[in-house]
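Read the structure below first, then the notes.
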Amino acid sequence: MLDIKLLQNDFETICEKLRKKKVKEEVLDTLRSISLELKKEKKVLEELQAEQNAKSKLFGVYAKEGKDINALKAELSENKTKVAELNSLVKDLEEKLSSIASEIPNIPDESVPEGEDENENVELGLILTPPTFDFEAKEHWDLDNGWLDFERGVKLAKSRFTALRGDGAKLSRALINYMLDFNAKRGFSEVCVPYIANRETLTGTGQLPKFEDDLFKIDGEDLFLIPTAEVPVTNLFRDEILNENELPIKMTCYSECFRKEAGSAGRDTRGMIRQHQFSKVELVSITKPEQSEDVFNQMVDCASDLLTSLGLAHRKVMLCGGDLGFSAAKTIDLEVWFPGQNRYREISSISNTMDFQARRAKIRYKDGKKNKLVHTLNGSSLAVGRALIAIMENYQNEDGTIRIPEVLKAYM
RNA sequence: CGGGAGAUGGCAGAGCGGUUGAAUGCACUGGUCUUGAAAACCAGCGAGGGUCAUACCUCCGGGAGUUCGAAUCUCCCUCUCCCGGCCA
């Protein structure tokens with residue numbers, strides 16, 4: 001959630017910055033005027049309440065002393081309705097304010113380039129050279145080695161579900177274990193969390209209220225399947241005040257992720273690129289504000305080095321304003337080389353949300369005497385399914401067999 | 001899913017319908033003492049808003065109600081714990 005005080009005090013700057021994310025100025029204007037009205041009405045209400053409180057206390061004293069209390073009682077009763085009216089007005093304003101504010105995305109960081117969509121993202125570097133083949137490299141769905149069973153996955157659930165079999169299933173598990181161990185060596189401690197989350201949890205990280213259509217909801221309950229481990233892991237510390245000396249908290253978590261992919265009908269319908277359910281190993285960090293930049297870079301390096309260790313060529317891309325997600329102030333994507341498709345495709349995405357999620361989820365820390373909002377960061381270590389098919393395509397032999405990357409052999 | 005108990009500050013745990021935002025203990029922070037530490041003693045110590053700072057307002061799981069006044073009374077919801085059933 002965006003800091004309302006910033007909006008009140010520095011309206012122009014905020015508007016300018018949020019223009020990068022295509023937020024309409026009218027919405028911000030409405031938000032600001034509601035917040036100012038609220039401030040005004042609240043002051044009036046508080047004065048009235050103070051008066052009531054003082055007189056109520058007097059009432060108690062008078063009653064004890066046996067003085068006449070009828071006049072006081074009448075006065076209090078009369079003011080009571082005034083307080084109630086004003087109170088409900090203030091509550092209305094507060095509700096309006098938070099419902100608008102909760103749908104405003106995060107403010108992009110200064111380092112984020114201008115741009116409309118993914119075509120204007122900025123490449124930051126290429127790591128490793130894509131392999132060359134003396135035969136025509138196939139796409140993963142054409143590699144007929146029995147690892148990926150698309151038909152039966154669909155039979156079990158529906159389209160965009162896939163079953164893994166044999167060494168494919170084994171490789172998936174090997175990747176998960178390898179990544180978790182790799183991350184642990186970089187100081188990310190492993191956590192394991194529920195795959196189902198409630199409304200407060202999804203609101204804390206920004207998926208709700210705006211993106212309910214992208215989530216699988218449990219019928220008859222106010223619960224949802226998680227779209228990423230970022231949601232439960234970040235919310236581990238919701239409504240908490242952490243000790244300064246326990247920060248930064250760096251965590252890694254394997255989970256299944258569930259997404260409706262409502263807006264992407266017709267895209268990537270073949271193969272395992274875009275699924276309703278996929279495995280992912282995630283990195284999540286909770287930091288002090290002054291630590292977040294550094295930890296962000298650690299997370300990017302961690303994911304990039306992981307790809308390098310698997311021998312997968314990839315590139316680093318800084319997302320432009322128009323391509324940034326709702327909660328992110330800054331995002332770097334890692335795109336891995338797919339020989340069959342002859343292009344780079346996203347396999348990891350690391351974001352710094354600054355205090356945006358922390359404000360929503362009320363995650364704070366004691367900075368000396370004061371309580372301050374933490375910064376939260378999240379990023380895929382790697383999406384396991386995409387790593388699996390990246391290995392299939394990059395390590396394919398002409399006869400359709402697939403070599404196993406050196407570092408994974410111990411895990412198979 | 002059936003029966004019982006409960007939800008108060010970081011934790012534990014008091015709280016008569018009226019100066020209770022809340023006793024007490026632990027933890028924590030600062031100080032005295034000590035060569036240093038421990039112990040002991042003294043002091044401070046919930047959150048959010050508001051203010052230059054005070055004042056002041058709100059919050060005792062959430063919501064509604066009774067009352068001049070609710071942490072304390074009533075109702076609804078949620079959650080937790082114990083007993084039974086089912087079960088990895």
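Remember, predicted model here, so these are calculated numbers, not experimental data. All chains are named by letter (A, B, ...) in the order of the sequence lines, taking the proteins before the strands, and each is independently numbered beginning at 1.
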Show every ring pair (Phe, Tyr, Trp, His ring centres under 6.0 Å) that has at least one partner inside residues 140-172 of chain A, sequence neighbours left out. Phe161(A)-His276(A)
Name the atoms and distances for all side-chain donor-acceptor pairs under 3.5 Å in residues 216-232 of chain A, with sequence neighbours left out.
| from | atom 1 | to | atom 2 | distance (Å) |
| --- | --- | --- | --- | --- |
| Lys217(A) | NZ | Glu221(A) | O | 2.8 |
| Asp222(A) | OD1 | Arg199(A) | NE | 3.1 |
| Asp222(A) | OD1 | Arg199(A) | NH2 | 2.9 |
| Asp222(A) | OD2 | Arg199(A) | NE | 2.9 |
| Thr228(A) | OG1 | Glu230(A) | N | 3.0 |
| Thr228(A) | OG1 | Lys280(A) | NZ | 2.9 |
| Glu230(A) | OE2 | Gln357(A) | NE2 | 2.9 |
| Glu230(A) | OE2 | Asn378(A) | ND2 | 3.4 |

Scan for ring pair (Phe, Tyr, Trp, His ring centres under 6.0 Å) pairs involving residues 293-326 of chain A, sequence neighbours excluded, and state none if there are none. Phe211(A)-Phe326(A), Phe326(A)-Phe356(A)
What contact category does Lys370(A) fall into here, base, sugar-phosphate, or nothing, at under 4.0 angstrom with non-hydrogen atoms? nothing
Examine the side chains of Asn243(A) and Asn245(A) and answer whether a donor and an acceptor come within less than 3.5 Å of each other. no
So, are Lys210(A) and Glu103(A) salt-bridged, with charged N and O less than 4.0 Å apart? no
Side chains of Arg360(A) and Ser102(A): any donor to acceptor distance under 3.5 Å? no
So, Arg19(A) and Glu25(A), do they make that salt bridge, N to O below 4.0 Å? yes
Identify, residue by residue, the members of residues 93-100 of chain A with a heavy atom below 4.0 Å from RNA chain B, and return them in order of residue number, or none. none
Just to be sure I understand the rule, does Asn79(A) reach a base, reach only the sugar-phosphate, or reach nothing, if contact means heavy atoms closer than 4.0 Å? nothing
Would you kindly compare Lys39(A) and Lys372(A) by the position of their nearest RNA chain B nucleotide and give the one closer to the 5′ end? Lys372(A)
So which atom in Leu18(A) and which in Ile104(A) form the shortest heavy-atom distance, rounded to 0.1 Å? CD1-CG2, 3.9 Å
Listing time: all N or O pairs from protein to nucleotides 63-69 of chain B that are below 3.5 Å?
| from | atom 1 | to | atom 2 | distance (Å) |
| --- | --- | --- | --- | --- |
| G69(B) | OP1 | Lys80(A) | NZ | 3.4 |
| G69(B) | OP2 | Lys80(A) | NZ | 3.3 |

Does any pair with a residue in residues 244-262 of chain A pass salt bridge (charged side-chain N to carboxylate O under 4.0 Å, His left out), and if so which ones, sequence neighbours excluded? Glu244(A)-Lys288(A), Glu261(A)-Arg274(A)
Show each protein N/O and nucleotides 73-79 of chain B N/O combination with a separation under 3.5 Å, one pair to a line.
none

So, is Asn243(A) close to the G10(B) phosphate, meaning a side-chain N or O under 4.0 Å from OP1 or OP2? no
With the threshold set at 4.0 Å, does a side-chain nitrogen-carboxylate oxygen contact exist between Glu51(A) and Lys55(A)? yes
Asn198(A) CG to G62(B) P, straight-line distance once rounded to whole Å: 16 Å
Could you note down all residue pairs passing salt bridge (charged side-chain N to carboxylate O under 4.0 Å, His left out) where residues 29-50 of chain A supplies at least one of them, sequence neighbours left out? Lys42(A)-Glu94(A)
Residue pair Asn121(A) / Cys320(A): nearest heavy atoms and the distance that separates them: OD1-N, 2.8 Å
Less than 4.0 angstrom from a charged side-chain N to a carboxylate O is my criterion; do Asp268(A) and Arg345(A) meet it? yes
Shortest non-hydrogen separation from Met1(A) to Arg359(A) and the atoms involved: O-NH1, 2.7 Å
Atom pairs, N/O to N/O, protein against nucleotides 20-22 of chain B, distance under 3.5 Å?
none

Using ring-ring contact (aromatic ring centres under 6.0 Å, His included) as the criterion, list what pairs up with Phe278(A), not counting sequence neighbours. none
Within less than 4.0 Å of OP1 or OP2 of G48(B), is there a side-chain N or O belonging to Lys5(A)? no
Show the atom names and distances, to 0.1 Å, of all donor-acceptor pairs under 3.5 Å that link a side chain in residues 181-196 of chain A to residues at least two apart or in another chain.
| from | atom 1 | to | atom 2 | distance (Å) |
| --- | --- | --- | --- | --- |
| Asp181(A) | OD2 | Tyr411(A) | OH | 2.7 |
| Asn183(A) | OD1 | Ser381(A) | OG | 3.4 |
| Asn183(A) | ND2 | Met179(A) | O | 3.3 |
| Asn183(A) | ND2 | Thr252(A) | OG1 | 3.0 |
| Asn183(A) | ND2 | Ser381(A) | OG | 3.0 |
| Arg186(A) | NH1 | Asp305(A) | OD2 | 3.1 |
| Arg186(A) | NH2 | Asp305(A) | OD2 | 2.9 |

Whole-Å distance between C11(B) P and Leu242(A) CG? 13 Å
Can you check nucleotides 55-58 of chain B for protein contacts, nitrogen or oxygen pairs under 3.5 Å, and list what you find?
| from | atom 1 | to | atom 2 | distance (Å) |
| --- | --- | --- | --- | --- |
| C57(B) | OP1 | Asn53(A) | ND2 | 2.9 |
| C57(B) | O3' | Gln49(A) | OE1 | 3.2 |
| C57(B) | O2' | Gln49(A) | OE1 | 2.9 |
| U58(B) | OP2 | Asn53(A) | ND2 | 3.4 |

